[in-house]
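Quick notes on the structure that follows.
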Amino acid sequence: MFAQDELIAVPNRPTVSTPAQPVQRGVLETEWGVDAASWYQDLNGLLKFGVSKNFELRVTDFPILATSGTHGTGDVTAGFKYRITQGSPHSPSLAFMYMAKAPTAGDGLGSGEVDHVFTFLASKDLRRHHFDFNLSANLLGRSSGGGFDRSYLNALAWSHPVRGKWGVTLELSGITSPVSSAPGSAQFLASALYTVKPRLILDCGMVRRITGNIPNNLFIAGFTYSIANLYSGKH
C-alpha cells in the first residue's frame with residue numbers, strides 16, 4: 001500500500017513523447033495544461049489509472065480549443081499503455097500504447113472521424129539523465145470514401161534535475177503529413193519542471209516551430225497530480 005505522502009507522479013507532459021513507465025498500481029493521476037499561440041489556444045487534460053504494475057488506462061480531453069477564430073470543445077481519446085519490460089542498468093523500459101479518438105470536437109475543430117494511434121515507447125536512465133523515445137503510427141479516418149490515411153511521429157526527450165526541486169526537459173519531435181500535398185512538421189520544446197512534492201509537479205516552457213503548418217512559438221504550462229491510491233487498504 002502507498003501512504004498519501006508516498007504517491008509519486010509520473011508526468012507525461014509537457015512533452016509530445018510519453019514515458020514507458022505507467023503510474024503506480026492503483027493510483028489515479030491527472031494532468032492539465034494550457035497551450036497558447038497567436039492563432040491557437042487550448043486547455044488539455046489527461047486522466048490515468050494504474051490497473052496493475054504494468055497496465056495503465058488513459059483518457060485525454062480538450063474541453064477548450066480555439067484556432068483561427070473558431071472555438072469550442074476538442075476531441076476525446078481513450079486507450080491504454082502496457083509496459084513490456086522494466087528497465088535495468090543495461091536495458092531500457094519498453095512499452096506499447098494504443099489510443100482511439102472519438103470525434104467529439106465542435107465544427108471546424110476536428111476531422112469528424114475516428115482515429116487510431118499505435119505507439120512504441122522506450123525510456124532509459126543514464127545516471128541523472130533520463131531519455132524517452134516514441135515512435136507512433138497514426139491511422140486517420142477519411143471524411144469521404146472510408147479507410148484511413150497514415151502519418152508517423154518520432155519524438156525524443158531528455159530531462160535532467162538542475163538544482164533542488166527544479167529540473168529541465170528538452171525535446172525534438174516531428175510528424176509526417178497524411179497527404180502528399182502538405183508538408184510534415186517538426187518542433188523543439190524546452191521546459192522547466194518544479195516538484196512541489198512527489199505527487200505534484202509543475203511545468204512551464206516554450207515550443208519553437210522548425211518546419212510545417214504549426215505555430216511559430218507556443219507557450220505551454222501545466223501540472224501533474226497524483227490524486228489517490230484507489231487500492232489503498234486492499235491486498
Exercise: do [X] and [Y] side chains pair donor with acceptor under 3.5 Å:
X      : Y      : result
His129 : Trp158 : yes
Asn138 : Ser151 : yes
Ser123 : Asp132 : yes
Thr67  : Thr70  : no
Lys101 : Ser111 : yes

For [Y], is there any backbone N or O sitting under 3.5 Å from a side-chain donor or acceptor partner on [X]?
X      : Y      : result
Ser226 : Val27  : no
Lys197 : Leu7   : no
Asn154 : Leu135 : no
Lys165 : Val196 : yes
Asn229 : Tyr231 : yes
Ser93  : Gly87  : yes
Thr195 : Pro198 : no
Thr211 : Ser185 : no
Ser17  : Leu156 : no
Glu113 : Pro103 : no

Out of the candidates Phe96, Phe80, Phe49, only one should pair with Phe55 under the ring pair (Phe, Tyr, Trp, His ring centres under 6.0 Å) rule; please name it. Phe80
Nearest 0.5 angstrom please: [X] [atom1] to [Y] [atom2], how far?
X      : Y      : atom1 : atom2 : answer
Ser38  : Phe219 : OG    : CZ    : 15.0 Å
Phe223 : Leu200 : CZ    : CG    : 7.5 Å
Arg128 : Ser159 : CZ    : OG    : 11.5 Å
Asp42  : Leu65  : CG    : CG    : 6.0 Å
Gln86  : Leu94  : CD    : CG    : 11.5 Å

For residues [X] and [Y], report the shortest heavy-atom separation together with the two atoms involved.
X      : Y      : answer
Ala157 : Thr15  : CB-CG2, 4.1 Å
Pro92  : Thr85  : O-OG1, 3.7 Å
Ala186 : Ile214 : O-CD1, 3.6 Å
Pro11  : Ala9   : CD-O, 3.5 Å
Asp149 : Pro178 : CB-CB, 3.8 Å
Pro183 : Ser177 : O-CB, 3.5 Å

Going by the side chain to side chain contact (heavy atoms under 4.5 Å, CB included) test, name the single residue among Leu121, Thr18, Val117 that passes it with Ser136. Val117
Hydrophobic cluster identity match, [X] and [Y], side-chain contacts under 4.5 Å:
X      : Y      : answer
Leu189 : Phe131 : no
Val162 : Ile201 : no
Met206 : Val34  : no
Leu202 : Leu218 : no
Ile210 : Tyr40  : no

Salt-bridge criterion met for Glu29 and Arg199 (N-O under 4.0 Å): no
Kindly indicate, with the supporting measurements, whether the criterion side chain to side chain contact (heavy atoms under 4.5 Å, CB included) is fulfilled by His160 and His130. CA-CA 6 Å; His160 191 277; His130 178 80; over 6 Å; no
Taking the side chain as every heavy atom from C-beta outward, state whether [X] and [Y] have any atom pair closer than 4.5 Å.
X      : Y      : answer
Glu31  : Asn12  : yes
Val207 : Ile220 : yes
Arg209 : Asn217 : no
Thr30  : Leu46  : no
Asp61  : Asp75  : no
Thr224 : Trp32  : no
Lys81  : Arg83  : no
Asp115 : Phe148 : no

List in chain and number order the residues that pass side-chain contact (heavy atoms from CB on, under 4.5 Å) with Thr73, two or more places apart in sequence or in another chain; answer none if no residue qualifies. none
With sequence neighbours left out, the residues meeting side-chain contact (heavy atoms from CB on, under 4.5 Å) with Tyr152 are Ala137, Arg150, Thr176
Can Ser232 and Leu230 be said to form a side chain to side chain contact (heavy atoms under 4.5 Å, CB included), step by step? CA-CA 5 Å; Ser232 181; Leu230 303 186; over 6 Å; no
Co-members of Ile175 in a cluster of I, L, V, M, F, W and Y side chains, linked at under 4.5 Å: Val16, Leu153
Before you tell me yes or no, could you show the steps for Tyr194 and Asp203 under side chain to side chain contact (heavy atoms under 4.5 Å, CB included), namely the whole-Å CA-CA distance, both residues' side-chain angles and the distance that decides it to 0.1 Å? CA-CA 6 Å; Tyr194 183 77; Asp203 64 78; over 6 Å; no
